[in-house]
Amino acid sequence: MSLDTLKSAIPDYAKDLKLNLGSVIGNSELPAQQLWGTVLATAIASRSPIVLRELAPEAKANLSPEAYTAAKAAAAVMAMNNVFYRTRHLLSDHEYGTLRAGLRMNVIGNPGVDKVDFELWSFAVSAINGCGLCLDSHEQVLRKAGVDREVVQEAFKIASVIQAVGVTLDAEAVLAE
């Protein structure tokens, strides 16, 4: 199970995805923990069993146990937060924005890894889940922490490619049935 196995499964019509997958992971300038945490969190967020099955073992091999767990936690908490905050933002009744959320999200305050890494993973998951409010919030935290725009963009490049690979391979699996 590996990145190479995943790339070999991508059909010819999606050759750009194959090239981009190799590029965003294989040529990334992100430190290993940021890269592989982003890969794992977005593989989970992609909801693609194929993508997660192929990328999780490499992520596990490249992350400390704490970072592996934190990347999974980022995907989990953002799955909840992205729906909640996106819905609040999309509702025309802005009074919902004044109500107490009442949802536990303690992991954001104490993720067990560097806060910047966790924010980057949360940002990337938010890109897949399409929550503009969360994207802005996490991007602002990252920028205030001194993270360059190029690093932020690297995270959403990874998210976009992993999501596209998941959609493509899951569609191919259904069409092959």
Side-chain angles (χ1 to χ4, degrees), residues 1-87 105 107-108 111-113 117-132 134-135 138-139 151-177:
M1 306 284 176
S2 69
L3 177 60
D4 289 334
T5 303
L6 190 60
K7 286 184 347 188
S8 70
I10 297 171
D12 289 341
Y13 70 80
K15 182 180 179 184
D16 290 330
L17 298 181
K18 184 183 301 191
L19 296 171
N20 288 331
L21 185 62
S23 176
V24 298
I25 295 176
N27 297 331
S28 177
E29 293 185 15
L30 293 177
Q33 180 163 298
Q34 286 184 353
L35 170 64
W36 286 102
T38 302
V39 168
L40 179 60
T42 58
I44 293 168
S46 78
R47 298 173 185 83
S48 171
I50 298 166
V51 168
L52 185 57
R53 193 177 307 114
E54 296 301 328
L55 293 178
E58 281 195 63
K60 192 170 197 169
N62 283 283
L63 292 168
S64 68
E66 296 80 13
Y68 187 80
T69 299
K72 293 190 307 181
V77 76
M78 296 318 295
M80 174 185 69
N81 284 358
N82 292 155
V83 170
F84 181 81
Y85 288 106
R86 182 179 63 237
T87 301
M105 43 190 106
V107 72
I108 293 173
V113 294
D117 294 350
F118 192 81
E119 287 289 333
L120 190 69
W121 304 337
S122 297
F123 173 85
V125 170
S126 297
I128 288 177
N129 292 335
C131 180
C134 295
L135 284 167
H138 293 290
E139 189 267 350
V151 171
V152 173
Q153 180 170 292
E154 191 75 17
F156 66 84
K157 280 172 53 178
I158 292 167
S160 66
V161 172
I162 287 178
Q163 173 68 11
V165 168
V167 166
T168 303
L169 293 179
D170 289 351
E172 284 298 311
V174 169
L175 294 171
E177 291 178 358

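Index from 1, following the sequence.
- Side-chain contact between C134 and M78 is present, with heavy atoms from C-beta onward closer than 4.5 Å.
- Put simply, the side chain of T42 does not reach to within 4.5 Å of the side chain of Q163, judged on heavy atoms.
- N81 is not listed as a side-chain neighbour of N129, based on a closest heavy-atom distance of 4.5 Å or more.
- When side chains are defined from C-beta on, L3 does not count as touching E54, because their heavy atoms never get closer than 4.5 Å.
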Next item on the list: Test N62 against Y68 for side chain to side chain contact (heavy atoms under 4.5 Å, CB included), laying out the working first.
Entry: CA-CA 9 Å; N62 283 283; Y68 187 80; over 6 Å; no
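- Remark: of the listed residues N20, L52, L17, V51, V51 is the sole one forming a side chain to side chain contact (heavy atoms under 4.5 Å, CB included) with I162.
- The line from CZ of R53 to OG of S48 is 8.0 Å long, rounded to the nearest 0.5 Å.
- Enclosure of atom NZ in K7 by more than 12 non-hydrogen atoms of other residues, nucleotides or ligands within 6.0 angstrom is indicated.
- Checked by atom type and distance alone, the side chain of W36 never pairs as donor or acceptor with a backbone atom of K60 at under 3.5 Å.
- Side chains of T5 and S2: a donor-acceptor N/O pair is present below 3.5 angstrom, by distance only.
- For the pair I25 and V161, the minimum side-chain heavy-atom distance is 4.5 Å or more.
- You'll find the side chain of T168 reaches within 4.5 Å of the side chain of P11, heavy atoms only.
- In this structure, SG in C131 is found 10.5 Å from CZ in F84, a value given to the nearest 0.5 Å.
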Item checked: Audit row: F156, Q153, side chain to side chain contact (heavy atoms under 4.5 Å, CB included) steps and yes/no -> CA-CA 5 Å; F156 66 84; Q153 180 170 292; 3.8 Å; yes
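- Contact of the D170 side chain with the S46 side chain is not registered, since no non-hydrogen atoms from C-beta on lie closer than 4.5 Å.
- One side chain, E172 or Y13, offers a donor N or O that lies under 3.5 Å from an acceptor on the other.
- The shortest distance between side-chain heavy atoms of D12 and K15 does not fall below 4.5 Å.
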Next item on the list: Begin with the C-alpha distance, continue with both residues' side-chain angles, and end with the deciding distance and a verdict on side chain to side chain contact (heavy atoms under 4.5 Å, CB included) for V24 and V39.
Entry: CA-CA 10 Å; V24 298; V39 168; over 6 Å; no
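- No side-chain donor-acceptor contact under 3.5 Å links E139 to the backbone of V152.
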